[in-house]
Amino acid sequence: MPSGQKTYYIQTFGCQMNEHDSEKLAGMLEEKGYLPSEERENADVIVVNTCSVRENADNRFFGQLGVIKKIKERHPDHIIAVCGCMMQQEHITDTIRKKYAWVDIIFGTMNLEEFPRLLDECLTEKKKLMSVYHRQEKVIEGLPMHRKYRYKSFVDIMNGCNNFCTYCIVPYTRGRERSRSPESIVEEIRLLAADGVKEVTLLGQNVNSYGHGADFDCDFAGLIRRIDEVEGIERIRFMTSHPKDLSDRLIEAFRDCRKLCRHIHLPVQSGSTRILSRMNRRYTKEGYLSLVEKIRSAVPEIAVTTDIIVGFPGETEEDFEETMDLVRRVRFDSAFTFLYSIRTGTPAAKYEDQIPEPEKHRRFEHLVETLNGITAEKNARYAGRTERVLVDGPSREDSNTYSGRTDTFKLVNFRSPKDLTGEMADVKITEAKTFSLFGEAVLSR
Ligand code: 5AD
Ligand code: SF4
């Protein structure tokens, strides 16, 4: 690194939305002449992009700040900025300002674009700054972006959530739903394709309600059809779908759009209709089961993945058995499992019938064991097949081994004499493991 070169380091917690926000923060810093630093210790600007969804998020974040404090003591002129979902919660920003007053900049999820201005002011006026919006009517467009991958990219299509599931903090930290216009999304994807991007993942807390209440006439299925026509794009993925809003039009789009990957992440959260109602999910166990059946009969081989919360307040052994029953019936390709944990400010935090931790853990382990067995069986069916993967790059362990994903989002590690990073490659699957597949590249001569 040439002397005098300013550098940055961004630490990101949480979901793809946060990862994508960090790509924009990196883009804004690079536009100002900063370069990424390998080490946090020496970076002129350290940004911590926080998440409120993960377990023990508060403790972990303040633990990190404790470590960063030491860096600030060694380098008082380095700028420390904290942002992301946690900053949308007043008890957090109050604590930072009282107990961690050495933090230079605090900003939220709804005003990312202000970061360069806050940084300038902090550097020139040498003062601490905080700017957190609690309302945002529009999606900020056109921020620069430092993409992690050359050939695949996230694309925001909407921000925020109106669902208010009773356990979830997101509607409070990301605000109300707002959708970008289809024109601006398609234009961004055209530019990405021109820049070599082959796969886009459309991001939103609830992509199925894309366009609701907007001043344009395009729903999510319509948007996918438009993206399907963009030349150069070979794969379209999206995250996340709420079962209550999944339309027949989307299922038809799966049938018609060649580029739409056969994978749907459809969080169920619980298999008990009673718990689903307490969660304010607005569907029943039977409704979910028939939705999955409908999707599978329209799109054979589609991979279905999910999120499940164990130990929601009031969850009885019978409720948990309903979840186990749903899991066995749906046979998810894979699932993220969460122990319910209290998020201050959400309705469920005040429910009195919280489940004791040891009981939550017992149920969690039983569920994970069953889920893993199903995942392994699902993967076993891939052995012997030849699958097309988009190659992510060398896998860490071995230089002749690369990794990529099938369109059904299965992770494939494979041997290849040639570096195929960023390309679509055919891989003969020789072995199926619980969480990945293994194979050999089939190279055309
Ligand atoms: N406790 C446990 N899991 C939660 N999730 C969201 N809020 C909580 C909570 N309070 C899980 C949900 C969601 C995923 C992103 O995080 O399963 O789908
Ligand atoms: Fe949270 Fe529910 Fe919105 Fe998902 S749909 S972000 S779980 S409130």
Side-chain angles (χ1 to χ4, degrees), residues 12-21 50-60 84-86 88-89 109-110 156-179 201 203-210 212-213 220 238-246 264-272 275-283 288 304-315 319-320 323 326-327 332 334-351 353-355 357 359-361 363-364 367-368 371:
T12 310
F13 293 93
C15 63
Q16 284 92 344
M17 206 60 104
N18 258 22
E19 267 179 51
H20 190 42
D21 282 351
T50 63
C51 164
S52 311
V53 169
R54 292 296 153 107
E55 198 118 357
N56 276 324
D58 298 16
N59 293 344
R60 288 219 309 229
C85 289
M86 285 179 79
Q88 298 293 141
Q89 299 173 272
T109 57
M110 296 182 224
D156 283 332
I157 64 163
M158 61 182 304
N159 290 160
C161 182
N162 292 353
N163 287 320
F164 292 94
C165 302
T166 54
Y167 51 82
C168 184
I169 196 76
V170 168
Y172 309 91
T173 61
R174 292 260 172 192
R176 293 295 69 70
E177 283 175 2
R178 47 216 185 270
S179 298
T201 302
L203 291 182
Q205 253 79 36
N206 177 14
V207 291
N208 298 119
S209 61
Y210 173 78
H212 286 188
F220 184 52
F238 60 86
M239 287 270 252
T240 287
S241 286
H242 195 305
K244 80 174 165 54
D245 298 316
L246 198 142
I264 187 153
H265 186 65
L266 195 61
V268 65
Q269 312 298 2
S270 168
S272 153
I275 294 294
L276 287 169
S277 153
R278 291 192 102 197
M279 287 175 163
N280 191 30
R281 292 290 289 177
R282 288 174 277 173
Y283 53 84
Y288 187 90
V304 182
T305 58
T306 201
D307 293 345
I308 300 174
I309 298 177
V310 176
F312 184 80
E315 184 188 75
D319 292 317
F320 176 65
T323 300
L326 178 127
V327 159
F332 293 105
S334 70
F336 292 111
T337 37
F338 301 87
L339 287 162
Y340 170 76
S341 77
I342 288 178
R343 298 288 177 273
T344 311
T346 61
K350 296 194 204 79
Y351 294 176
D353 39 6
Q354 302 286 334
I355 308 298
E357 286 305 313
E359 181 56 26
K360 276 193 227 171
H361 282 270
R363 292 179 192 172
F364 184 86
L367 175 65
V368 168
L371 285 165

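Each ligand, and each atom within it, is numbered from 1 in the order the structure gives.
- At a 4.0 Å heavy-atom cut-off, ligand 2 touches Phe164 through the backbone alone.
- Here is the list of ligand 1 atoms found below 4.0 Å of a heavy atom in Gln269: 12 (C), 13 (C), 17 (O), 18 (O).
- A cation-pi contact links Arg278 to Tyr351, judged by a cut-off of 6.0 Å to the six-membered ring centre and 45° from its axis.
- Contacts with ligand 2 closer than 4.0 Å are made by side-chain heavy atoms of Pro171 only, the backbone lying farther away.
- Aromatic pair Phe338/Phe364: centroids not less than 6.0 angstrom apart.
- The atoms of ligand 2 that sit less than 4.0 Å from any heavy atom of Gln205 are 6 (S).
- Between Ile308 and Val327, the closest side-chain pair of non-hydrogen atoms falls below 4.5 Å.
- Atom 3 (N) of ligand 1 has its nearest heavy-atom neighbour, among Phe338, Tyr340, Phe312, Phe336, in Phe338.
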Evaluate side-chain contact (heavy atoms from CB on, under 4.5 Å) for Tyr167 paired with Thr346, printing each intermediate quantity in order. CA-CA 6 Å; Tyr167 51 82; Thr346 61; 5.7 Å; no

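- For atom 1 (Fe) of ligand 2, the closest heavy atom belonging to the protein is Cys168 SG, 2.3 Å.
- Taking a 4.0 Å cut-off on heavy atoms, Arg174 fails to register as neighbouring ligand 2.
- The atoms of ligand 2 that sit less than 4.0 Å from any heavy atom of Cys161 are 3 (Fe), 5 (S), 6 (S), 8 (S).
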Check the pair Asn159 / Thr109 against side-chain contact (heavy atoms from CB on, under 4.5 Å), numbers first and verdict last. CA-CA 10 Å; Asn159 290 160; Thr109 57; over 6 Å; no

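- The distance from ligand 2 to the heavy atoms of Arg281 drops below 4.0 Å at these ligand atoms: 2 (Fe), 7 (S).
- Between Phe332 and Tyr288, the two ring planes are tilted [angle within 30° to 60°].
- When only non-hydrogen protein atoms are considered, atom 5 (S) of ligand 2 lies nearest to Asn163 ND2, 3.3 Å.
- No side-chain N or O of Thr344 forms a donor-acceptor pair with one of Gln89 less than 3.5 Å apart.
- In terms of protein heavy atoms, atom 7 (S) of ligand 2 is closest to Tyr167 OH, 3.3 Å.
- Close to ligand 1: Leu339, with a non-hydrogen atom less than 4.0 angstrom away.
- No side-chain donor from either of Asn280 and Thr166 sits under 3.5 Å from a side-chain acceptor of the other.
- Counting backbone and side-chain atoms alike, Cys165 contributes no N/O/S atom closer than 2.8 Å to atom 1 (Fe) of ligand 2.
- Interface atoms of ligand 2 facing His242, defined by a heavy-atom separation under 4.0 Å, are 5 (S).
- Donor-acceptor pairing under 3.5 Å is lacking for the side chains of Glu315 and Tyr340.
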